[in-house]
Undergrad: 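Next up is a structure, given as structure tokens.
Chain letters run A, B, ... following the sequence lines, proteins first, then strands; residues in each count from 1. Worth saying up front: this structure is predicted, and the values here are computed from it rather than measured.
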Amino acid sequence: MLDLKFIRSNPDKIREMLSNRKNDLDLSVFESIDRERREMLSRMESLRFQRNKVSDDIAAMKKSGQDASSVIAEMKKVSSEIKEIETVLSGIQEKLDGIIMTIPNMPHESVPVGSDEKDNPVIRTWGEIKEKGFEPIPHWEIGERLGILDFARASKLAGARFALYMGAGSRLERAIINFMLDTHVRVHGYTEVLPPFMVNSACMTGTGQLPKFKEDLFKIEGWDHYLIPTAEVPVTNIHREEILKEEDLPIHYVAYTPCFRSEAGSYGKDTRGLIRQHQFNKVELVKFSRPEDSWDELERLTADAEDILKRLELPYRVVTLCTGDLGFSASKTYDIEVWLPGQNLYREISSCSNFTDFQARRAEIRFKRKGAAGTELVHTLNGSGLAVGRTLVAILENYQQKDGSVIVPEALVPYMGGTKAISSRDS
RNA sequence: GGAGAGAUGGCCGAGUUGGCUGAAGGCGCUCGCCUGCUAAGCGAGUGUAGGGGGUAAACCUCUACCUCGGGUUCGAAUCCCGAUCUCUCCGCCA
């Protein structure tokens, strides 16, 4: 959510932003409703002023034994008028909120203008793509041949877009989770948290999933709860409606959670393998910072995510999302894309964003500067560190051998109980 | 699931015969004074949001907010109804 005053006083900037984002929202609707709301508001407030004043007079008259019945009768009319305006006003307010909630964040000035992912510039690449000397195969074939991924039985259990990991596959997923958590906690200095995997609608509104992206979420029937689509939601909302102290900042959290997404609208896309699932594991990094620090924090957050791929020796590249591809709440996003030889392409494995004060305003996450009056909104950031299932995909495809086995990356061997290679479900 | 208690400012905690209470008191915090340092002490200040005025500052003024949403009333933190959350006891259960 953007600042109401900012929207009001910078309509040209908003319009430019909307067109850069390929968003067809009509701002003039906002402008007319906003004007209407302010007119009603000042009318109501002056009536309330009158009512408060006369109520005091009535109290004084009663105290001194005077008859106040004629004034009371008059105030009765004023009161009912106030009530009428209140009703109208709350309708207007609701409409206005509805519009404000659908205006996306302002992209940072460094974000390139573009229409879709084809316009995302690659800003760096890391690692060497080696010739294997044989034709690499996609991870779903590797996994099924080794008996560590079973998509047929998964669909018996839950349908399409679910996976069943078996034996060494299951252990590898768990090893990746632990390796990522340990690295972020011990090396990068994050605080580990384990949040609820379902949250109420206030949290979903706070981080921007609601009201605009309802169809992407799984809702619990009969409850005000949703399965989380990312740990960003519960972890960012940890400090919802709080006033933090300046010396508490920055706050760095890392959380492992499963993520649940309906993937509405992605029918026919990535139907094979682990890439696009209704349930997947993710280790997420979340930061709260002072406004002046958030751009540095974004660079470091991205570097922390990249470090996992470096330690696993997986080739990757980093792209900056252009305005047309940028997410609703984000001001700037780096996508980290890992190399998948089995499919001969780069695939998103992490998305690192600075949301500036956009989420903080919705979620009312503020801080108080030492010695200064008043409060300010914090900046929130987050990024995958990394998507666990896709990391497993990258390991299978990059470390596959000619004989069908898969070498375990050195950094993961201790997490696999010493296992150096996977040649069957039980290896 | 059954029975009860409660939700007030950054925190603790008054206020329940409705009206000068945005809210006593304390803690914390900020600024100043004092003390050789520390501790203690003294004085002043200290909520949020939204309007309007003023040069964008200081400042002035209005409105709202005592969990949330309704209701009663000229007027509600205070009365009534509903919701949510917390706590205690009983039952049940991992």
Undergrad: Generate the contact string for nucleotides 57-75 of chain B. Rules: B means base contact, S means sugar-phosphate contact only, - means no protein heavy atom under 4.0 Å.
TA: -----SBS-------S-BS
Undergrad: Give none if B/G18 has no partner; otherwise give the nucleotide forming a Watson-Crick or G-U wobble pair with it, both distances under 3.5 Å.
TA: none
Undergrad: Paired with B/G91 by Watson-Crick or G-U wobble geometry, both distances under 3.5 Å: which nucleotide is it?
TA: none
Undergrad: Distance between the C1' atoms of B/U55 and B/G71, in whole angstroms?
TA: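 Roughly 47 Å separates the two C1' atoms.
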Undergrad: Rounded to whole Å, please give me the gap between CD in A/Glu241 and C1' in B/C85.
TA: 13 Å
Undergrad: Using whole Å, what does the distance between atom P of nucleotide B/G51 and atom CD1 of A/Ile85 come to?
TA: 18 Å
Undergrad: Would you mind classifying the nucleic acid contact of A/Arg366 as base, sugar-phosphate or nothing, using non-hydrogen atoms under 4.0 angstrom?
TA: sugar-phosphate
Undergrad: Under 3.5 Å for both donor-acceptor distances, Watson-Crick or wobble: does B/U55 have a partner, and if so which one?
TA: none
Undergrad: Any salt bridge linking A/Lys22 with A/Asp325? Criterion: basic side-chain nitrogen under 4.0 Å from a carboxylate oxygen.
TA: no
Undergrad: Look through every strand shown and name the nucleotide pairing with B/C85 as Watson-Crick or G-U wobble, where both distances are under 3.5 Å.
TA: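 Answer to the pairing question: B/G6, which forms a Watson-Crick or G-U pair with B/C85.
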Undergrad: Is there a Watson-Crick or G-U wobble partner for B/C34 with both distances under 3.5 Å, and if so, which one is it?
TA: none
Undergrad: Identify the nucleotide, in any strand shown, that forms a Watson-Crick or G-U wobble pair with B/G28, with both distances under 3.5 Å; if there is none, say none.
TA: B/U46
Undergrad: Would you say A/Ser329 and A/Gln359 are linked by a side-chain donor-acceptor pair, where the criterion is simply a distance under 3.5 Å?
TA: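 No, no side-chain donor-acceptor pair sits under 3.5 Å.
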Undergrad: Within less than 4.0 Å of OP1 or OP2 of B/G52, is there a side-chain N or O belonging to A/Arg38?
TA: yes
Undergrad: Can you tell me the Watson-Crick or wobble partner of B/A23, both distances under 3.5 angstrom?
TA: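 Partner of B/A23: none found under 3.5 Å.
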Undergrad: Where do A/Ser201 and A/Asp224 land on the side chain to side chain donor-acceptor pair (under 3.5 Å) test, with the steps shown first?
TA: CA-CA 6 Å; A/Ser201 56; A/Asp224 182 41; 2.8 Å; yes
Undergrad: Who pairs with A/Tyr165 by ring pair (Phe, Tyr, Trp, His ring centres under 6.0 Å), at least two apart in sequence or on another chain?
TA: none
Undergrad: Measuring from atom CD of A/Glu364 to atom CG of A/Asn237, what distance do you get when rounded to the nearest 0.5 angstrom?
TA: 11.5 Å
Undergrad: Is there a side-chain contact between A/Arg8 and the phosphate of B/G51, meaning an N or O under 4.0 Å from OP1 or OP2?
TA: yes
Undergrad: Regarding A/Glu81 and A/Lys77, does a basic nitrogen lie under 4.0 Å from an acidic carboxylate oxygen?
TA: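 A/Lys77 and A/Glu81: not salt-bridged.
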Undergrad: Considering Watson-Crick and G-U wobble pairs with both distances under 3.5 Å, what does B/C66 pair with?
TA: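 In the structure as shown, B/C66 has no Watson-Crick or wobble partner.
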Undergrad: How far, in whole Å, is B/A7 from B/A49 if one measures between their C1' atoms?
TA: 22 Å
Undergrad: So, A/Glu246 and A/Arg290, do they make that salt bridge, N to O below 4.0 Å?
TA: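 A/Arg290 and A/Glu246: salt-bridged.
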